[in-house]
Number of protein chains: 2
Amino acid sequence: MSQTAKSTKDRILDAANKLFYGEGIRAVSVDAIADAAKVTKRTLYYHFESKDQLIEGYLASRDQPNLALFAQWFDAAEGSIAEKTAAIFYRVGENARHPKWKGCGFLRTAAELANMPGHPAVAVGAAHKKKFEAWLTERYAAAGLTNPAAVARSIVLLMDGAFSTILIHRDPEYAIAAGDTARAIIVREMDASE
Amino acid sequence: MSQTAKSTKDRILDAANKLFYGEGIRAVSVDAIADAAKVTKRTLYYHFESKDQLIEGYLASRDQPNLALFAQWFDAAEGSIAEKTAAIFYRVGENARHPKWKGCGFLRTAAELANMPGHPAVAVGAAHKKKFEAWLTERYAAAGLTNPAAVARSIVLLMDGAFSTILIHRDPEYAIAAGDTARAIIVREMDASE
DNA sequence: TCTATTACACTCACTAGTCGGTATACATAT
DNA sequence: ATATGTATACCGACTAGTGAGTGTAATAGA
């Protein structure tokens, strides 16, 4: 438990993050992650029972940072909740320009593990998405929208749609379209709530 | 090229469809597909140069049938283009209740091959999505919407969002929410175009 | 003879997971 | 102080199996 530099477990998780996100879960071997973390495989298996648990750990480690980033983008944006929501989409679009961007890790993991619906990593991903939806609902409720949950659901659909379409087309423009659509939905809802 | 029953190539493609879609691309071996098609691996490699080409063939074989199905659902629905569009979403939701439903094969393949952006199978998937978007644009233009392309783009974002969220949550309700959102977008656009 | 198919052994790299053992730290008992 | 016990953290080498793709020889039909 020494705090000097990084713990072995964190180094393994960092390597898992980089490789699982960058290459895909089934495309990356446990050996590759052990190598990248500069540990032997035996040590990796000391900290994680199985590859499946490592996958779960990888997604769990992205949960909070990801939500925090979205909240930060939202808070940093000027204007109404419509503008703040659109800002998240535009930021996603900016990020998608980086060559290392490979879509949403939670969605991609669910896609890869579609044949194992009960997999713990998929549960972590689903919980993450639910948290994001709940967070949006709160914001919209606080802003006085009459149907905060319905609006939040429309927005998460657009967001996951943006992740997917940007990935398949390799075209960040879809983030702009999704953000514009999101803004229009919220603006209309704001007018109706007046 | 005998039309009696099914050609060997079609049997291989059918097996690839079933296994790649059901289990995932990297989770399924060439041997497994050969076995399911009741062909030797040698025969499979007579018809396809590599696993990558087989993956491409699998997606290519789903392109037209998938588009035709969506068009059929659209045409069969009563009402305005708003209702017809919503109907596609509701049908997707119904299909998602089947235990064998595993999301959108094109999207899942793009997710699995995110580390190989130039992969021919990803290109086939992207082209498929573009065709769907173009088909929607035509329909909206024919119905007299002033911004058919923008509306079509919003709809495909919702559609791919629905595929993704239904898959991660295993909850077809998201199809209803996406369909309702789609309808509202088009209705507003119809009002504006009057 | 050309196309399509089978049988099946084979290569070679890779894969998840394990065996047995070591170094260190920090107790408690002597 | 020294020996002993116990838990943590780590490693090199290994197993048993799977992966994509090939080599070769033989066969059935047009």
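Computed from a predicted structure; not experimentally measured.
- Scanning both residues, B:Leu136 and B:Ala152, for their nearest heavy atoms gives CB-CB, 3.8 Å.
- At whole-Å resolution of the value, CD1 in B:Ile33 and P in D:dG19 are 11 Å apart.
- Using a 4.0 Å cut-off between charged side-chain N and carboxylate O, A:Asp75 and A:Lys84 make no salt bridge.
- For the OP1/OP2 pair of C:dC8 and a distance below 4.0 Å, the side-chain nitrogens and oxygens of B:Thr40 include no atom meeting the criterion.
- B:Lys9 places its NZ atom 11 Å from the P atom of C:dT5, with the value rounded to the nearest Å.
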Query raised in the report: Where along nucleotides 21-30 of chain D does protein come under 4.0 Å, by heavy atom, of base (B) or sugar-phosphate alone (S), with - for untouched nucleotides?
Result: BBBB------
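- B:Tyr58 and B:Phe20 have tilted rings, their planes meeting at an angle from 30° to 60° on a 0 to 90° scale.
- The shortest distance between the side-chain N/O atoms of B:Tyr46 and the OP1/OP2 oxygens of C:dA4 is below 4.0 Å.
- Looking at B:Met159, B:Lys129, B:Glu112 one by one, the single match for side-chain contact (heavy atoms from CB on, under 4.5 Å) with B:Leu107 turns out to be B:Lys129.
- With a 6.0 Å cutoff to the six-membered ring centre and a 45° limit on the axis angle, B:Arg153 counts as a cation-pi contact of A:Tyr174.
- Considering only side-chain atoms of A:Thr8, the nucleotide from D:dA20, D:dA9, C:dT5 that sits closest is D:dA9.
- Separating the CG atom of B:Asp35 from the P atom of D:dT18 is a distance of 12 Å, rounded to the nearest angstrom.
- Looking at B:Asp180 and B:Arg183, a side-chain N of the basic residue comes within less than 4.0 Å of a carboxylate O on the acidic one, giving a salt bridge.
- Rounding to whole angstrom units, NZ of residue B:Lys38 and C1' of C:dT5 are separated by 17 Å.
- Proximity of A:His47 to the phosphate of D:dT8: no side-chain N or O atom is located under 4.0 Å from OP1 or OP2.
- Between the NZ atom of B:Lys6 and the P atom of C:dA4 there is a distance of 19 Å, given to the nearest Å.
- At whole-Å resolution of the value, CD1 in B:Ile25 and P in D:dG19 are 15 Å apart.
- Across the protein-nucleic acid pair, A:Arg26 atom CZ and C:dA16 atom C1' stand 14 Å apart, rounded to whole Å.
- For the pair A:Lys9 and A:Phe48, the cation-pi criterion (under 6.0 Å, within 45° of the ring axis) is fulfilled.
- Contact between the side-chain N/O atoms of B:Thr43 and the OP1/OP2 oxygens of C:dT6 is found at a separation under 4.0 Å.
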